[in-house]
Each structure stands twice: as structure tokens, then as C-alpha cells.
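Take a look at the structure set out below.
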Amino acid sequence: MNQIHHIYKELLKKYGHQGWWPLLDVARKHAGKQPTKTGSVQGYHPGNYSYPQTDAQHFEICTGAILTQNTGWMNVEKALVLLADNGLLDPQSIVRADDTTLKQAIKSAGYFNQKAKKLKIFANFFLAEEKPTRKQLLSLWGIGPETADSILLYAYKRPVFVVDAYTRRIFSRLGFFDIDTDYDEIQALFERSLPPDYRIYQEYHALIVEHAKRCYMRTSTEPCFLERI
DNA sequence: CGCCAGGGCCTCA
DNA sequence: TGAGGCCATGGC
């Protein structure tokens with residue numbers, strides 16, 4: 001087994017199944033669960049890869065992927081709740097919504113002028129295209145590599161590896177590549193090192209985020225168990 | 001108070 | 001193509 005795959009096994013052994021992606025209605029069912037300090041709620045549906053199960057959940061993941069761009073999940077969740085409460089968490093409603101209402105609902109997620117525009121563009125696309133390709137997503141204004149891959153992986157269950165800042169931080173420090181390496185190059189490394197199983201890709205990304213939040217915050221450089229493997 | 005989050009676009013060499 | 005500026009809120 002190669003090192004990238006081995007590290008996945010180690011992270012899974014240490015942290016367990018993460019139960020991404022957070023979904024509003026699934027979260028409500030787990031209302032008694034303790035939110036983590038990062039705002040994510042561990043174990044929404046750990047080890048259960050059957051989500052999204054409804055059209056609403058499907059669209060919610062896409063919306064969350066856009067709203068979370070450079071933004072903490074707590075602020076995103078507030079925006080998602082407000083969208084839902086205002087009957088705006090579906091593509092038709094977002095297309096029809098007036099800008100002021102839409103911006104007000106997503107205000108907590110920051111960059112609301114840009115993100116309102118992004119949501120409208122994406123909602124239009126969502127209504128027209130049943131099974132988008134990566135190239136199609138990337139052609140949309142406001143959808144870059146990470147957002148496109150998050151949508152493909154978590155909403156469409158496609159085996160594409162999501163590369164984020166945490167992935168760069170952890171694996172560059174472990175010596176796999178330089179922190180400025182191109183997105184596509186890092187993605188290719190992971191995709192050729194792992195079986196093409198969307199469940200592994202979903203879990204690995206979630207584990208990387210969890211591990212980074214515990215051991216790789218900017219302010220702390222305390223050693224991490226991975227560095228001893 | 002300053003830092004920064006589950007990025008991406010635009011501009012200018 | 002790559003570096004730098006810009007977008008914006010809220011938790012800590």
C-alpha cells in the first residue's frame with residue numbers, strides 16, 4: 001500500500017468515520033449531539049454514504065459548497081437555515097428571488113454580493129443540467145476547482161479528490177509536495193494513490209479537515225502523530 | 001482588538 | 001502563469 005493510502009487508513013483508525021457532508025435535516029435529527037468547536041457536527045451520518053437522498057439535500061450541498069468559500073461553516077449554516085426559513089433553498093426560488101432578499105438571507109456567510117450572484121448563476125445551471133461535468137462546473141462564474149470538486153464528490157458521488165488549504169498544509173509539511181504545487185497536480189497524486197471509490201474520497205477529505213483542525217491550525221505547530229509514521 | 005475561515009475572480013506584468 | 005488585491009461576516 002502506498003503512503004497516501006496508508007495515511008488514510010491511519011486517520012480513519014484514529015478519528016473514525018466523520019459523517020460528512022452536514023445536512024440541515026440530518027443535523028436536526030442529531031440535535032442532541034455536541035457541536036465541535038469548528039462548527040461542524042461530527043457524526044451526522046458516520047459510515048453512511050447514502051446522502052444526499054432527496055433533491056432538496058442534493059441542492060443544499062451545492063449551495064453550501066458555494067457559501068463556504070473562504071468562510072467558516074458556522075456562518076454558512078446560519079445562511080442555509082435562513083434560506084430554508086425563507087423558502088429559498090431550492091433552485092427555482094433562488095432564480096426568482098430578488099437580490100436584496102437573497103443577499104440578506106446569506107449575509108452571515110460573507111461576500112454576500114458575490115455569493116448571491118454565484119448562487120443565481122449556479123441555480124440556473126442546476127435547473128438546466130442533470131449531470132454536470134467538471135468542465136461545465138468550472139465554466140460557471142464563481143465555481144473554481146475546489147468548489148467544483150466538492151460538488152462532484154459530495155452531491156454527485158463522483159470519485160474526484162478535493163484539494164483544499166488543509167490538504168496543502170498537511171501533506172506539504174509531510175514532504176509530499178511544495179505548498180504552492182498546482183491544484184491539479186496534487187489531485188492527481190491522490191487519485192492515482194487511492195481506489196476510485198467516492199466513499200474513500202469523501203471520508204479522506206473529511207478526515208484531513210478534522211486532522212488539520214486538531215493539529216494544523218496556523219497558530220499551533222505542535223507535533224502531530226502523522227509526522228511520526 | 002486582530003486573525004482567519006471547508007476560494008475565486010480580476011488585473012497587471 | 002503568477003503574484004497581489006479584492007470581496008465580508010462572525011467566532012475566537
Side-chain angles (χ1 to χ4, degrees), chain A residues 11 15 18-24 27 34-44 51-52 60-83 99-100 102-122 125 134-156 160-172 177-187 190 201-221:
Chain A
L11 288 172
Y15 299 127
Q18 297 300 299
W20 265 29
W21 180 285
L23 287 162
L24 292 180
Q34 295 281 359
T36 68
K37 59 185 173 184
T38 58
S40 66
V41 176
Q42 213 176 355
Y44 279 134
Y51 295 99
E60 182 186 321
I61 291 174
C62 299
T63 304
I66 291 170
L67 290 178
T68 198
Q69 290 172 356
N70 203 35
T71 301
W73 186 257
M74 292 210 69
N75 287 347
V76 174
E77 203 165 75
K78 289 176 185 172
L80 288 172
V81 168
L82 268 183
L83 284 173
D99 286 355
T100 307
L102 185 56
K103 287 176 184 176
Q104 190 173 4
I106 66 171
K107 181 166 168 292
S108 66
Y111 310 108
F112 51 80
N113 289 307
Q114 294 185 356
K115 284 177 178 174
K117 182 179 172 186
K118 292 176 183 182
L119 288 182
K120 287 226 169 195
I121 290 172
F122 179 79
F125 171 79
R134 188 171 194 265
K135 181 179 284 189
Q136 282 178 313
L137 289 170
L138 289 177
S139 75
L140 299 176
W141 186 89
I143 307 287
E146 187 181 336
T147 307
D149 290 337
S150 291
I151 288 172
L152 289 170
L153 178 60
Y154 288 101
Y156 293 90
V160 293
F161 197 86
V162 176
V163 178
D164 65 347
Y166 295 139
T167 310
R168 290 176 185 279
R169 249 180 257 171
I170 293 175
F171 289 89
S172 65
F177 44 73
D178 188 87
I179 196 159
D180 297 320
T181 306
D182 286 340
Y183 185 100
D184 293 343
E185 193 176 326
I186 297 175
Q187 183 181 53
F190 281 88
Y201 288 59
Q202 287 187 355
E203 200 67 74
Y204 206 164
H205 178 64
L207 287 165
I208 285 170
V209 173
E210 179 63 22
H211 181 61
K213 283 177 172 169
R214 295 197 192 200
C215 307
Y216 277 76
M217 298 306 284
R218 281 217 202 290
T219 48
S220 91
T221 52

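Naming: A, B, ... by sequence-line order, numbering from 1 per chain. All heavy atoms count here, side chains included; hydrogens, waters and symmetry mates do not.
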_Protein within reach of the bases, or only the backbone? For nucleotides 7-13 of chain B, mark each nucleotide 5' to 3' as B, S or -, using heavy atoms under 4.0 Å._
BSSS---

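- One atom, CZ of R214(A), and another, C1' of dG6(B), lie 16 Å apart when rounded to the nearest Å.
- Side-chain contact between Q187(A) and D182(A): absent, with no pair of heavy atoms (C-beta onward) separated by less than 4.5 Å.
- Taken from CG in N75(A) to OG1 in T68(A), the straight-line distance is 9.0 Å, to the nearest 0.5 Å.
- Atom-to-atom, CG of D180(A) to P of dG4(C) comes out at 11 Å; the value is rounded to the nearest Å.
- Ranking dG10(C), dG6(B), dA8(C) by closeness to the V209(A) side chain, first place goes to dG6(B).
- Separating the P atom of dG6(B) from that of dC6(C) is a span of 24 Å, rounded to the nearest Å.
- If you check every strand for non-hydrogen atoms under 4.0 Å, N113(A) touches sugar and phosphate atoms only.
- For the pair M74(A) CE and dA8(C) C1', the interatomic distance rounds to 17 Å; values are reported in whole Å.
- Between the side-chain ring of W20(A) and the base of dG6(B), a stacking contact exists by the 5.5 Å and 30° definition.
- Ring centroids of W21(A) and Y51(A) are separated by 6.0 Å or more, keeping the two rings apart.
- Closest heavy-atom contact between E60(A) and L23(A): OE2-CA, 3.3 Å.
- Taking the side chain as every heavy atom from C-beta outward, V163(A) and D149(A) never approach each other to under 4.5 Å.
- One can place CG of L80(A) at 14 Å from P of dG6(B), the figure rounded to the nearest angstrom.
- Separating the C1' atom of dC9(B) from that of dG10(C) is a span of 24 Å, rounded to the nearest Å.
- Donor-acceptor pairing under 3.5 Å is recorded for the side chains of T71(A) and K115(A).
- Rounded to whole Å, atom C1' of dG11(C) lies 14 Å from atom CD of E77(A).
- Remark: K117(A) engages no residue in a side chain to side chain donor-acceptor pair (under 3.5 Å) (not counting sequence neighbours).
- Residue K78(A) is in sugar-phosphate contact alone, with no base atom involved, counting any heavy-atom pair closer than 4.0 Å across all strands shown.
- dC10(B) and dT9(C): their C1' atoms are spaced 22 Å apart (whole Å).
- dG5(C) sits 15 Å from dC3(B) when the P atoms are compared, rounded to a whole Å.
- In this model, a donor atom of one side chain and an acceptor atom of the other lie less than 3.5 Å apart for D164(A) and T167(A).
- Note: CD1 (I179(A)) to P (dG2(C)) measures 16 Å, nearest angstrom.
- V162(A) has its side chain out of reach of Y204(A): every pair of non-hydrogen atoms, C-beta onward, lies at least 4.5 Å apart.
- An aromatic stacking contact links W73(A) with the base of dG6(B), defined here by ring centres under 5.5 Å apart and ring planes under 30° from parallel.
- Protein atom CG of N75(A) is 18 Å distant from nucleotide atom P of dC7(C), rounded to whole Å.
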*Dot-bracket for DNA chain C, please, read 5' to 3', with Watson-Crick or G-U wobble pairs under 3.5 Å on both distances, ( ) within the strand, [ ] crossing, | other strand, . unpaired.*
|||||||.||||

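- With hydrogens and angles disregarded, a donor-acceptor distance shorter than 3.5 Å links the side chain of S172(A) to the backbone of R168(A).
- Here the P atom of nucleotide dA5(B) and the NZ atom of K213(A) are 10 Å apart, to the nearest Å.
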